[in-house]
Undergrad: 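Okay, here's the structure, questions in a sec.
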Protein chains: 2
Amino acid sequence: MSWRKDQGRSERGYHHGNLKEALLQAALDLISQKGPAGFTFADAARMAGVSPAAPYRHFRDRDELLSSIAQRGFEQFESVLTQAWDDGRPDTVTAFERVGKAYLAFARNEPAFYSAMFESGIPVESNPALMAASERAFALIRAAAERLAAMAPPGVPRPPAMMMALHIWSMAHGVASLFGRGDGARRKLPMSPDDLLEAQVLIYLRGLGFPTDRRPSDQKPSGPPPVPPAGGSSGPWGTPK
Amino acid sequence: MSWRKDQGRSERGYHHGNLKEALLQAALDLISQKGPAGFTFADAARMAGVSPAAPYRHFRDRDELLSSIAQRGFEQFESVLTQAWDDGRPDTVTAFERVGKAYLAFARNEPAFYSAMFESGIPVESNPALMAASERAFALIRAAAERLAAMAPPGVPRPPAMMMALHIWSMAHGVASLFGRGDGARRKLPMSPDDLLEAQVLIYLRGLGFPTDRRPSDQKPSGPPPVPPAGGSSGPWGTPK
DNA sequence: AACTCATGTAAATGGCTTTAACATGAGCAG
DNA sequence: CTGCTCATGTTAAAGCCATTTACATGAGTT
């Protein structure tokens with residue numbers, strides 16, 4: 001299977017054979033190097049070994065390529081989050097935290113995707129497919145929030161799952177975009193972005209009345225844990241770790 | 001005072017007289033219209049009524065102009081937050097919420113500044129003046145967090161103010177950049193960004209053990225309010241408002 | 001073998017960025 | 001008032017991009 005164009009160099013007939021993929025990959029590389037702004041259509045073409053006009057056979061324009069990348073990004077994002085969620089196993093809170101870490105890991109490991117998705121300035125709502133992909137990703141977060149909300153302690157008004165989902169997303173996105181980028185993060189922190197987010201989410205959940213000492217105590221809100229006395233000896237922020 | 005170049009039109013000698021300011025203003029307009037990416041140096045020059053090369057007498061290049069704008073943005077930002085904080089009057093929690101609203105208002109009303117500050121891709125750390133301005137703005141948030149932390153309920157480990165500040169900033173930035181932009185916000189919400197953030201912060205503070213029923217009960221943690229039973233009848237999210 | 005259509009290329013247009021050489025005129029020295 | 005000088009503008013030009021149009025290639029089909 002190595003007979004076709006090997007590395008876009010000399011060996012390649014008139015036709016590339018897989019240009020669309022090559023362009024997406026090239027763009028991804030370029031974006032991770034120079035940001036979504038620095039990326040140029042011509043560069044991607046050059047990197048794929050074709051003329052500057054060739055990409056137009058596969059993408060209406062530069063923005064469409066960017067949109068495609070963002071869309072793929074959302075798809076991978078959804079996939080990654082779904083795996084992390086693992087349908088709430090072994091228990092809802094643990095799984096939820098895993099999702100948070102997966103979120104940050106994605107932002108860190110796939111800065112190109114992440115910036116295409118959230119910082120490229122492309123109008124998400126203008127592209128139905130893109131928006132659908134985006135919503136599928138968010139749906140995972142919402143589903144997880146739903147499960148969390150369902151195990152809210154009894155006797156208190158149950159928090160709207162949608163609101164929780166939006167809050168969680170905001171926290172994750174806030175941490176990721178302020179501190180968690182692979183690009184050598186913008187600012188110095190007293191703790192890792194992962195820890196920062198984890199503490200934040202735990203505090204938030206505690207604020208909703210959830211027990212946050214994480215045990216497989218799921219599905220069993222029988223013993224009324226009304227509210228953990230707000231910080232035993234193991235708060236969400238340990239001693240200077 | 002209206003004799004000088006009035007609107008960059010015909011009446012203007014060889015020299016503009018105030019080009020630097022005019023360029024900054026023009027860039028600001030352009031960015032708010034087309035985003036930090038769509039903004040072009042040449043456009044700004046045109047808008048100011050000068051040749052495309054003129055701006056180079058005032059800014060090394062396009063990026064320096066962007067940095068200048070970001071810096072001014074941070075300065076205004078700091079000013080706005082400082083006013084909102086009002087040194088914690090009438091009480092810490094109220095003032096704190098005002099800061100949150102001011103944060104979102106800034107992002108909404110000054111999208112050009114906000115995107116130059118957080119989404120233009122300019123490396124903050126490379127420009128000392130810019131970074132300093134950024135840190136002064138953050139210092140305000142940290143100072144407020146410090147005050148909040150100081151009034152933490154007794155008997156529980158006091159949360160690190162720095163961590164709180166980072167958390168609050170993440171929440172505000174997360175909400176602002178996901179939902180709170182003037183550009184017709186990216187997604188539909190069941191509640192306003194302001195309410196979303198307020199609820200989030202309240203839940204978070206409650207998670208830290210703070211009383212969140214907001215009264216001028218400051219400075220007076222005498223009557224031990226250990227923890228409000230996590231959601232009386234007035235949770236941070238009212239009935240569908 | 002001839003056809004056709006997707007996929008590439010070449011060349012041209014129009015912008016933008018940036019630089020270099022030149023022009024203006026505002027402020028200051030005499 | 002007369003000149004000088006330097007900050008501030010202008011023109012012109014090089015080099016890069018995006019995008020379009022006309023043309024070329026060749027893979028798959030008939």
Undergrad: Let me know the distance between CZ of A:Arg57 and P of D:dA18, rounded to the nearest Å.
TA: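 Going from CZ in A:Arg57 over to P in D:dA18 covers 17 Å.
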Undergrad: Aromatic rings A:Phe118 and A:Tyr114: how do their planes relate, parallel, tilted or perpendicular, breaks at 30° and 60°?
TA: tilted
Undergrad: Identify, with sequence neighbours excluded, every residue that meets ring pair (Phe, Tyr, Trp, His ring centres under 6.0 Å) alongside A:Phe77.
TA: A:Tyr103, A:Phe106
Undergrad: Rounded to the Å, how far apart are A:His58 NE2 and D:dT19 C1'?
TA: 16 Å
Undergrad: If you pin B:Arg62 and B:Tyr14 to their nearest nucleotides in DNA chain C, which one's is more 5'?
TA: B:Arg62
Undergrad: Of all heavy-atom pairs between A:Gly73 and A:Met117, which one has the smallest distance, and what is that distance?
TA: C-SD, 3.5 Å
Undergrad: Taking atom P of D:dG9 as reference, at what distance in whole Å does atom CZ of B:Arg46 sit?
TA: 17 Å
Undergrad: Output side-chain donor-acceptor pairs under 3.5 Å for residues 20-33 of chain A, partner residues at least two apart or in another chain, one line each.
TA:
| unit_1 | atom_1 | unit_2 | atom_2 | d |
| --- | --- | --- | --- | --- |
| A:Glu21 | OE1 | A:Arg72 | NH1 | 3.3 |
| A:Glu21 | OE2 | A:Arg72 | NH2 | 2.5 |
| A:Gln25 | NE2 | A:Asp29 | OD1 | 3.2 |
| A:Ser32 | OG | A:Leu28 | O | 3.3 |
| A:Ser32 | OG | A:Asp29 | O | 2.7 |

Undergrad: 5' to 3' on DNA chain C, which nucleotides open and close the contacts with chain B (atom under 4.0 Å from a heavy atom)?
TA: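 Listing 5' to 3', DNA chain C meets chain B from C:dC16 to C:dG25.
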Undergrad: Between atom CE in A:Met47 and atom P in D:dC17, what is the gap in whole Å?
TA: 11 Å
Undergrad: Base, sugar-phosphate or nothing for A:Thr40? Non-hydrogen atoms, less than 4.0 Å.
TA: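 Result for A:Thr40 = sugar-phosphate.
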Undergrad: Find out whether B:Asn18 and B:His16 are in side-chain contact, i.e. whether some heavy atom of one side chain is under 4.5 Å from a heavy atom of the other.
TA: yes
Undergrad: B:Lys20 NZ to D:dG9 C1': how many Å, rounded?
TA: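 It is 16 Å, rounded to the nearest whole Å.
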Undergrad: Can you tell me how far C1' of D:dG9 sits from CZ of B:Phe59, to the nearest Å?
TA: 15 Å
Undergrad: Side-chain contact, heavy-atom cut-off 4.5 Å: A:Glu97 with A:Leu202?
TA: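 Yes, close enough: below the 4.5 Å cut-off.
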Undergrad: Rounding to an integer number of Å, can you tell me how far B:His16 NE2 sits from D:dT8 P?
TA: 13 Å
Undergrad: Respond yes when some side-chain nitrogen or oxygen of A:Tyr56 is under 4.0 Å from OP1 or OP2 of D:dT19, and no when none is.
TA: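 True: A:Tyr56 side-chain N/O within range (under 4.0 Å) of D:dT19 OP1/OP2.
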Undergrad: Between D:dC16 atom C1' and B:Phe41 atom CZ, what is the distance in whole Å?
TA: 17 Å
Undergrad: How is A:Ala42 classified with respect to the nucleic acid when contacts are heavy atoms under 4.0 Å: base, sugar-phosphate, or nothing?
TA: sugar-phosphate
Undergrad: Do you know the tightest heavy-atom contact between A:Arg147 and A:Asp87?
TA: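 Taking A:Arg147 first and A:Asp87 second, the nearest heavy atoms are NH2-O, 3.0 Å.
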